[in-house]
Asks: 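Input: one structure, supplied below.
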Protein chains: 2
Amino acid sequence: MGTGKDDPGTVWAIPPEVCPARTVVEVLANKWVMYVMGMLRHHGAPMRFNQLRRSLPGITQKMLTQTLRMLERDGLVCRTVHPTAPPQVEYELTPLGREAGEIAHAVGEWSAAHADEILAARRDFDNRASGELEPVSP
Amino acid sequence: MGTGKDDPGTVWAIPPEVCPARTVVEVLANKWVMYVMGMLRHHGAPMRFNQLRRSLPGITQKMLTQTLRMLERDGLVCRTVHPTAPPQVEYELTPLGREAGEIAHAVGEWSAAHADEILAARRDFDNRASGELEPVSP
DNA sequence: CTGCATCCCTGCGGATACTG
DNA sequence: CAGTATCCGCAGGGATGCAG
C-alpha cells in the first residue's frame, strides 16, 4: 500500500456496476436490512411476521415485507409457511444469513458502545460551525 | 431468549427516534459511508479529495463531499487543510473511525467471499418465481 | 484542487385500503 | 395473520455551474 498510485485490490475500488461484491455490500448497507438481520440473530429463533414487525419500532409493513423478500431472494433468510388458519409464516436466518447476522450484531454493538462519543463529536462540530458564522452582526 | 414474549434488550428493539445507538447504526448503514470508510482503512494513510474520488468508481463529487462532512461531523474522519496553492485537503480516519473502518472492512471481505453464493441464490429465486407464473399459455 | 449552490427528477418509503 | 396494491410526498442523489 501507499505506492503513490491509487491502488485497486480491494472491493471498494473495483470498477463499476456488475461487480458482485459491491452489489452485496449495498445489500448490507441498508438500514432495515441491518435491523431485521440484527433482530433475527438476536432472537435466535424463527420469528413470525407481526412479531418481527412489533419488535422493530418504526418499521412499516411495506418495508418489512420488502426487506424480507430481498433477504429471502439473496438466501439470507428462510421463509416457512405453515398451512394453518390463520396462516402462519416464520422467518429465520439461513446459515449464510447467520454470518451476515453476526455483522449486523457487530454494527449494533459498536453503535451502542460509541453512540455517546459520536453524538458528542456531532454537537461539538455543530457548535463550532455556528460559532464561526454568527459572532458578527451588521 | 425465546421466553415467548417479544424481548427488548438489544439495540434493534429500543423504542423510537432519539435512541442514540439507532442513529449510529443508520450512519453506518449507508452505501457511500461503507465505501469511503473501507477505502480509507484499506489505503492506510491520509487521502486527498480527488484521490479518494478517483478511487471510488461511481461516486459523485457531491456524495463524496456530503459523506466526508457527515463522517467528519461524527468524529470518524479527520479533515486537514494544507494552506498550499492549489489547496490540498487530506482525509484520514480518526481512532474511532478506524474501528468503524474495521467493520466496513469486514463487510467488504464477507461480501467478496459470498457474492457468488448470494448471486446464485438470487438467480434461483428469480427462476423459480417466473417458473410458477408462466407455464400456462392462453 | 476543493467544494458550495442550484436545478431537477427518480425512487424510497410512508399511509391507507383491499384480498387470501 | 400475512401480504399485495395504490397513491403520493419528499428527499436522496445526479448533472452542471460557479467560487475560493
Side-chain angles (χ1 to χ4, degrees), chain A residues 4 6 16-17 22-23 25-36 39-40 46-73 77-92 125-126 129-130 132-133, chain B residues 4 6 16-17 22-23 25-36 39-40 46-73 77-92 125 128-130 132-133:
Chain A
D6 303 340
E17 280 313 306
R22 286 185 62 149
T23 308
V25 170
E26 290 173 28
V27 168
L28 267 6
N30 175 307
K31 176 179 162 179
W32 294 123
V33 167
M34 286 287 183
Y35 283 97
V36 169
M39 178 51 77
L40 283 175
M47 292 182 79
R48 299 188 45 188
F49 186 87
N50 277 332
Q51 181 185 13
L52 206 40
R53 177 167 174 28
R54 269 177 283 113
S55 74
L56 296 174
I59 199 169
T60 63
Q61 156 274 358
K62 179 182 179 178
M63 280 300 98
L64 182 53
T65 303
Q66 190 170 300
T67 304
L68 285 171
R69 293 194 84 73
M70 257 192 49
L71 294 174
E72 187 195 359
R73 188 170 103 109
V77 156
C78 176
R79 177 174 179 270
T80 311
V81 183
H82 295 90
T84 62
Q88 183 165 338
V89 182
E90 288 192 326
Y91 295 90
E92 64 185 321
F125 184 90
D126 292 347
S130 61
E132 284 165 12
L133 292 172
Chain B
D6 305 339
E17 281 313 305
R22 287 185 61 147
T23 308
V25 170
E26 291 173 27
V27 168
L28 267 7
N30 175 310
K31 176 180 161 180
W32 293 123
V33 167
M34 286 288 182
Y35 284 99
V36 169
M39 177 52 76
L40 283 175
M47 291 182 78
R48 299 188 46 188
F49 185 85
N50 276 332
Q51 179 185 15
L52 207 39
R53 180 169 173 25
R54 269 177 284 115
S55 75
L56 295 174
I59 199 170
T60 62
Q61 163 273 350
K62 179 181 179 179
M63 281 301 98
L64 182 53
T65 303
Q66 191 171 298
T67 304
L68 285 170
R69 293 194 82 75
M70 259 192 48
L71 294 174
E72 186 195 359
R73 188 171 103 109
V77 156
C78 176
R79 176 174 180 271
T80 311
V81 182
H82 295 91
T84 63
Q88 183 165 339
V89 184
E90 289 192 325
Y91 295 90
E92 64 186 321
F125 185 89
R128 265 181 287 109
S130 60
E132 283 165 14
L133 291 171

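Treat the numbers as computed from the prediction; the structure is a model and nothing was measured. Every chain is numbered from 1 and lettered A, B, ... according to where its sequence line falls, protein lines coming before strand lines.
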Asks: For M63(A) and dA2(D), give me the distance from atom CE to atom C1', rounded to whole Å.
Replies: 16 Å
Asks: For the side chain of R48(B), counting heavy atoms from C-beta on, which of dT4(D), dT2(C), dG14(D) is nearest?
Replies: dT2(C)
Asks: Pairing donors with acceptors under 3.5 angstrom, does anything connect the side chains of Y35(B) and E26(A)?
Replies: yes
Asks: In whole Å, what is the span from the CD atom of E72(B) to the P atom of dG3(C)?
Replies: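 The distance from CD of E72(B) to P of dG3(C) comes to 9 Å, rounded to the nearest Å.
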Asks: Round to a whole Å and report the spacing from CD of Q61(A) to P of dT4(D).
Replies: 9 Å
Asks: Could you tell me the separation between the CG atom of L68(A) and the P atom of dC1(D), rounded to a whole number of Å?
Replies: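 Result: 16 Å.
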Asks: How many whole angstroms separate atom NZ of K62(B) from atom C1' of dT16(D)?
Replies: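 Answer to the nearest Å: 11 Å.
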Asks: Quick one, L52(B) and M39(B) - any side-chain contact, counting heavy atoms below 4.5 Å?
Replies: yes
Asks: Is there a side-chain contact between K62(B) and T65(B), using heavy atoms and a 4.5 Å cut-off?
Replies: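 The answer is no, as the side chains (C-beta and beyond) never meet within the 4.5 Å cut-off.
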Asks: For the pair made of CZ in F49(A) and C1' in dC1(D), what is the distance, rounded to whole Å?
Replies: 9 Å
Asks: Would you mind telling me which of dG3(C), dA2(D), dC1(C) lies closest to the side-chain atoms of N50(B)?
Replies: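 Within the option list, the nearest is dC1(C).
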Asks: Let me see the working for R53(B) and N50(B) under side-chain contact (heavy atoms from CB on, under 4.5 Å), right down to the final yes or no.
Replies: CA-CA 5 Å; R53(B) 180 169 173 25; N50(B) 276 332; 3.5 Å; yes
Asks: Please determine if a side-chain N or O atom of Y91(A) lies less than 4.0 Å away from the OP1 or OP2 oxygen of dG3(D).
Replies: yes
Asks: Would you mind telling me which residue lines up with the more 5' stretch of DNA chain D, P87(B) or Q66(B), judged by nearest nucleotide?
Replies: Q66(B)
Asks: Rounded off to whole Å, could you give me the CE-to-C1' distance for the M47(B) and dC1(C) pair?
Replies: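 It is 15 Å, rounded to the nearest whole Å.
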Asks: Mapping T65(B) and I59(A) to their closest nucleotides on DNA chain C, which lands nearer the 5' end?
Replies: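 It is T65(B), whose closest nucleotide lies nearer the 5' terminus.
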Asks: Check whether any side-chain heavy atom of L68(A) sits under 4.5 Å from a side-chain heavy atom of F49(A), and report yes or no.
Replies: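 In short, these two side chains touch, coming nearer than 4.5 Å.
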Asks: Taking OP1 and OP2 of dG13(C), is either one under 4.0 Å from a side-chain nitrogen or oxygen of T60(A)?
Replies: no
Asks: Tell me: CG of L64(B) to P of dC1(C), nearest whole Å?
Replies: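 Result: 14 Å.
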Asks: Using a 4.0 Å heavy-atom cut-off across all strands, classify R53(A) as base, sugar-phosphate, or nothing.
Replies: nothing
Asks: Contact class for R79(A) vs. all strands (heavy atom < 4.0 Å): base, sugar-phosphate, or nothing?
Replies: sugar-phosphate
